[in-house]
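Note on naming: letters A, B, ... go to the chains in the order of the sequence lines (proteins, then strands), and numbering restarts at 1 for each one. In this text the structure is predicted, and so the values were computed from the model without any measurement.
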Amino acid sequence: GAVVSQHPSRVICKSGTSVKIECRSLDFQATTMFWYRQFPKQSLMLMATSNEGSKATYEQGVEKDKFLINHASLTLSTLTVTSAHPEDSSFYICSASGGLRPNQPQHFGDGTRLSIL
Amino acid sequence: GEDVEQSLFLSVREGDSSVINCTYTDSSSTYLYWYKQEPGAGLQLLTYIFSNMDMKQDQRLTVLLNKKDKHLSLRIADTQTGDSAIYFCAESLFNNAGNMLTFGGGTRLMVKP
């Protein structure tokens, strides 16, 4: 149980393109979804937290107009990287948590490798 | 502030036990987690322990928690080449947004045949 599907797994596109990444919880309802960014050989950096039906909470230093997050349902959140540039190239990972209780762990998708040319 | 630290690298021989250590700073953490990341993949939840427990065992995995010293360890018995990966410990803080995680930098485990 607790499967999180993230698509696409890899994107290569030209500078200036907007890219949408989807994160779906397949067998549970995700009250909260998280978006992380991971640089090579580094740990995960939390970008934003989203709760279904409300605006995402962004971490300090993350541009909300650059990284648009939509959490329209209990099973789907999307991250759109608008007008992507080479410095946005990274590994983006989503996670989902099934409830607002302390013992609800985060379950992670397989990540999206974004390469901007 | 929150800070979770791990050693960067561990190398063991197949069949030996591996022990990955982690220290954290926030004594109000409710749960502590171990995740595994294979190359190019997301994070796989391995196990977690509630902060009022000392030990948790799940098949080949044993988690030890020393709350006084804020020290967490993951022991993998009979380590296999398939266990080669990066292992992240994480402490959780529960707030209105849910279960927020702070990750350590990850320990790269290399298992030699």
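A salt bridge does not link A/E22 with A/K20: none of the charged nitrogens is closer than 4.0 Å to a carboxylate oxygen. Between B/D83 and B/R60, at least one side-chain N (NZ, or NE/NH1/NH2) sits under 4.0 Å from a carboxylate O, which counts as a salt bridge.
The residue among A/S9, A/S43, A/S54 with the most heavy atom pairs within less than 4.5 Å of chain B is A/S43.
At a 4.5 Å heavy-atom cutoff, the contact between A/Q42 and chain B is made by backbone atoms alone. If you measure heavy-atom distances from B/L45 to chain A, the contacts under 4.5 Å come from the side chain alone. Only the side chain of B/Q37 comes within contact range of chain A, with at least one heavy atom under 4.5 Å from a heavy atom of that chain. Within the 4.5 angstrom heavy-atom criterion, no atom of B/F50 approaches chain A. Only the side chain of A/Q38 comes within contact range of chain B, with heavy atoms under 4.5 Å apart.
Between A/F108 and A/Y36, the ring-plane angle classifies as tilted under the 30° and 60° cut-offs. Using a 30° and 60° split on the angle between ring planes, B/F103 and B/F88 fall in the perpendicular class, above 60°.
Linking Ile, Leu, Val, Met, Phe, Trp and Tyr residues whenever their side-chain heavy atoms come within less than 4.5 Å leaves B/L64 and B/Y35 in two separate clusters.
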